[in-house]
A.B. asks: 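First the structure, then my questions, so here it is.
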Amino acid sequence: ATNHRLWPEIERMVEAQVMMAKMGIGECGSGWQLFAEDGEMKMYRREEEVDGMVVDPLKAVHVVKGITGHEVCHHFFSPQYRYDWETTLEHMTVLETISDDTLVFLQTHKRIWPASQRDGLFWSHIRKLPNEKDRDGPDIWTVVNNSTDHPDYPPNNGKCVRVFLTVCLLCQTTVDPPKEGMPLTRDNLSCKITYCSVVNPGGWAPASVLRAVYKREYPKFLKRFTAYVKNQTQSKPIMF
Ligand SMILES: CCCc1ccc(-c2ccc(S(=O)(=O)CCO)cc2)cc1[C@H]1C[C@H]1c1ccccn1
């Protein structure tokens with residue numbers, strides 16, 4: 001739906017986030033430090049503070065075999081799967097269904113002692129992008145989540161401190177063609193996943209606690225989420 005109040009902001013954010021996600025770590029500006037590595041998964045962060053609050057930008061790259069970018073973005077965007085893979089989630093509701101590719105979520109996350117509990121209110125948009133490098137190749141898929149307001153849920157009016165986040169999941173599928181006359185199977189698929197996020201905790205929380213949480217939670221999240229998608233899709237037809 002291109003006639004919605006959020007459309008101009010969504011267009012702007014998707015363009016900016018996709019451009020950033022496509023940039024390599026080297027081009028992304030200096031100061032990125034590798035803080036977690038596990039097989040094909042590499043996680044980088046930049047130590048940044050705003051008003052004394054940790055807002056460390058995060059960029060993770062991962063390559064997963066046997067799934068497509070569409071399948072990864074579909075399972076990340078769709079609400080019905082979220083409780084299966086998002087371990088820090090306490091509660092999630094869809095406040096608005098703007099269109100079949102744009103939802104507004106309200107999520108409360110489990111409290112991280114000694115910080116107070118957080119919630120997040122954000123629009124989420126899924127989109128297929130043309131594959132500029134290889135016109136005949138599979139499309140690129142992305143999901144962008146960005147904090148927004150909602151008249152019925154003003155920030156910090158209940159028990160939770162409202163976080164402000166921008167997240168981009170960008171997925172590029174590669175097909176390694178099977179031998180002549182052989183059928184295409186999941187063994188011929190590989191997906192390059194780039195996950196970028198900036199989470200402003202919204203209220204003061206000890207830098208050491210937040211950085212410890214991110215160091216523990218982000219690698220766990222990306223490994224768990226990608227394993228979940230592999231598991232959910234392994235015996236299903238390939239969704240390009
Ligand atoms: C004080 C900050 C608390 C806190 C607020 C919010 C989030 C968070 C929200 C959304 C998304 S997502 O990628 O849009 C997927 C939809 O849920 C990821 C992370 C994470 C944390 C912290 C709990 C930590 C964490 C870090 C990494 C992954 C999951 N959780």
Side-chain angles (χ1 to χ4, degrees), residues 10 13-14 17 20-21 35-36 38 41 43-45 48-62 72-95 102-127 141-148 153 155-156 158-171 193-229:
I10 290 173
M13 285 302 290
V14 168
Q17 287 298 312
M20 291 280 287
F35 77 91
D38 182 314
M41 183 179 76
M43 286 207 152
Y44 303 85
R45 73 167 171 212
E48 277 180 24
E49 299 193 7
V50 169
D51 306 333
M53 288 187 297
V54 165
V55 294
D56 300 357
L58 178 119
K59 183 163 185 156
V61 286
H62 197 3
V72 173
C73 287
H74 170 71
H75 286 86
F76 185 77
F77 172 77
S78 308
Q80 67 263 33
Y81 309 110
R82 196 155 298 179
Y83 285 112
D84 296 345
W85 55 264
E86 176 63 289
T87 51
T88 67
L89 204 55
E90 184 180 86
H91 192 248
M92 169 201 68
T93 46
V94 176
L95 297 182
T102 307
L103 305 172
V104 178
F105 287 95
L106 175 62
Q107 300 191 158
T108 56
H109 287 261
K110 290 173 185 154
R111 183 169 175 238
I112 305 152
W113 187 88
S116 42
Q117 188 172 26
R118 258 67 182 179
D119 68 5
L121 199 162
F122 54 91
W123 54 257
S124 184
H125 177 72
I126 185 169
R127 183 178 300 187
W141 280 84
T142 189
V143 175
V144 176
N145 295 344
N146 192 50
S147 287
T148 191
Y153 300 89
N156 313 327
K159 57 184 169 50
C160 291
V161 171
R162 177 68 48 86
V163 300
F164 296 94
L165 61 88
T166 301
V167 166
C168 177
L169 181 73
L170 184 80
C171 299
I193 299 169
T194 303
Y195 175 87
C196 301
S197 91
V198 180
V199 175
N200 181 322
W204 190 80
S208 56
V209 167
L210 276 182
R211 288 194 167 120
V213 165
Y214 292 158
K215 194 171 171 71
R216 183 184 70 234
E217 291 296 333
Y218 275 117
K220 193 166 86 178
F221 147 69
L222 197 55
K223 278 184 68 178
R224 178 185 173 94
F225 171 65
T226 50
Y228 174 75
V229 177

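These numbers come from the heavy atoms of this one structure, side chains and all, not from hydrogens, waters or symmetry mates. Counting convention: from 1, in listed order, for ligands and their atoms alike.
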A.B. asks: In terms of atom number and element, which parts of ligand 1 are under 4.0 angstrom from non-hydrogen atoms of Val167?
C.D. replies: 13 (O), 14 (O)
A.B. asks: Quick test: of every protein heavy atom, which one is nearest to atom 13 (O) of ligand 1, and how far off is it to 0.1 Å?
C.D. replies: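 Ranking protein heavy atoms by distance from atom 13 (O) of ligand 1, first comes Tyr195 OH, 2.7 Å.
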A.B. asks: Please list, in number order, the atoms of ligand 1 under 4.0 Å from a heavy atom of Leu165.
C.D. replies: 9 (C), 10 (C)
A.B. asks: Considering only the protein, which heavy-atom contact is closest to atom 7 (C) of ligand 1, and what is its distance?
C.D. replies: His109 CE1, 3.8 Å
A.B. asks: So which protein heavy atom does atom 19 (C) of ligand 1 come closest to, and at what separation?
C.D. replies: Tyr218 OH, 4.2 Å
A.B. asks: Going by the closest heavy atom to atom 15 (C) of ligand 1, which one wins out of Glu217, Glu86, Arg216?
C.D. replies: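 Shortest heavy-atom distance from atom 15 (C) of ligand 1: Glu86.
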A.B. asks: Output yes when a side-chain donor or acceptor of Arg111 lies under 3.5 Å from a complementary backbone atom of Pro114, and no otherwise.
C.D. replies: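 Yes, because the side chain of Arg111 sits within donor-acceptor range (under 3.5 Å) of the backbone of Pro114.
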A.B. asks: Would you kindly say whether Asp56 and Tyr214 are connected by a side-chain donor-acceptor distance under 3.5 Å?
C.D. replies: no
A.B. asks: Between Ile112 and ligand 1, which part of the residue brings a heavy atom under 4.0 Å of the ligand: side chain, backbone, both or neither?
C.D. replies: side chain
A.B. asks: Taking atom 5 (C) of ligand 1 as the point of reference, which of Thr166, Leu210, Val163 owns the nearest heavy atom?
C.D. replies: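 Selected option, by shortest heavy-atom distance: Val163.
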A.B. asks: Taking all non-hydrogen atoms of both residues, which atom of Gly203 and which atom of Arg118 are closest, and how far apart?
C.D. replies: O-NH2, 2.6 Å
A.B. asks: Please confirm whether the backbone N or O of Thr166 pairs with a side-chain atom of Asn146, one donor and one acceptor, at under 3.5 Å?
C.D. replies: no
A.B. asks: With a 4.5 Å limit on heavy-atom distance, are the side chains of Thr87 and Glu217 in contact?
C.D. replies: yes
A.B. asks: Heavy-atom pairs closer than 4.0 Å: do any link ligand 1 to the side chain of Leu89, the backbone, both, or neither?
C.D. replies: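 None of Leu89 does.
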A.B. asks: Would you please classify the geometry between the Tyr81 ring and the His75 ring as parallel, tilted or perpendicular, with 30° and 60° separating the classes?
C.D. replies: tilted
A.B. asks: Should the proximity of Phe105 to ligand 1, defined as any heavy atom under 4.0 Å, be assigned to the side chain, the backbone, both, or neither?
C.D. replies: neither
A.B. asks: Does the protein put a heavy atom less than 4.0 Å from atom 21 (C) of ligand 1?
C.D. replies: no
A.B. asks: Among all protein non-hydrogen atoms, which one is nearest to atom 2 (C) of ligand 1, and what is the separation to 0.1 Å?
C.D. replies: Tyr214 OH, 3.9 Å
A.B. asks: Between the main-chain N or O of His125 and the side-chain N or O of Thr102, is there a donor-acceptor pair closer than 3.5 Å?
C.D. replies: no
A.B. asks: Is it true that Glu90 and Gln117 share a donor-acceptor pair across their side chains at a distance under 3.5 Å?
C.D. replies: yes
A.B. asks: Specify side chain, backbone, both or neither for Val213, according to which of its non-hydrogen atoms lie closer than 4.0 Å to ligand 1.
C.D. replies: side chain
A.B. asks: For the 3.5 Å polar cut-off, considering only N or O atoms, please tell me whether Asn145 and ligand 1 meet it.
C.D. replies: yes
A.B. asks: Measure up the Tyr218 and Phe221 rings against each other and bin them: parallel (under 30°), tilted (30 to 60°), perpendicular (over 60°).
C.D. replies: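 Perpendicular: the ring planes of Tyr218 and Phe221 meet at over 60°.
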A.B. asks: Heavy atoms only, cut-off 4.0 Å: how does Trp85 contact ligand 1, side chain, backbone, both, or neither?
C.D. replies: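 Trp85 to ligand 1: side-chain contact only, backbone stays beyond 4.0 Å.
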A.B. asks: Heavy-atom pairs closer than 4.0 Å: do any link ligand 1 to the side chain of Gln107, the backbone, both, or neither?
C.D. replies: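 Side chain only.
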A.B. asks: To check you understand the geometry: which heavy-atom pair defines the closest contact between Cys168 and Gln17, and what is its length?
C.D. replies: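 So the minimum-distance heavy-atom pair works out to CB-OE1, 3.6 Å.
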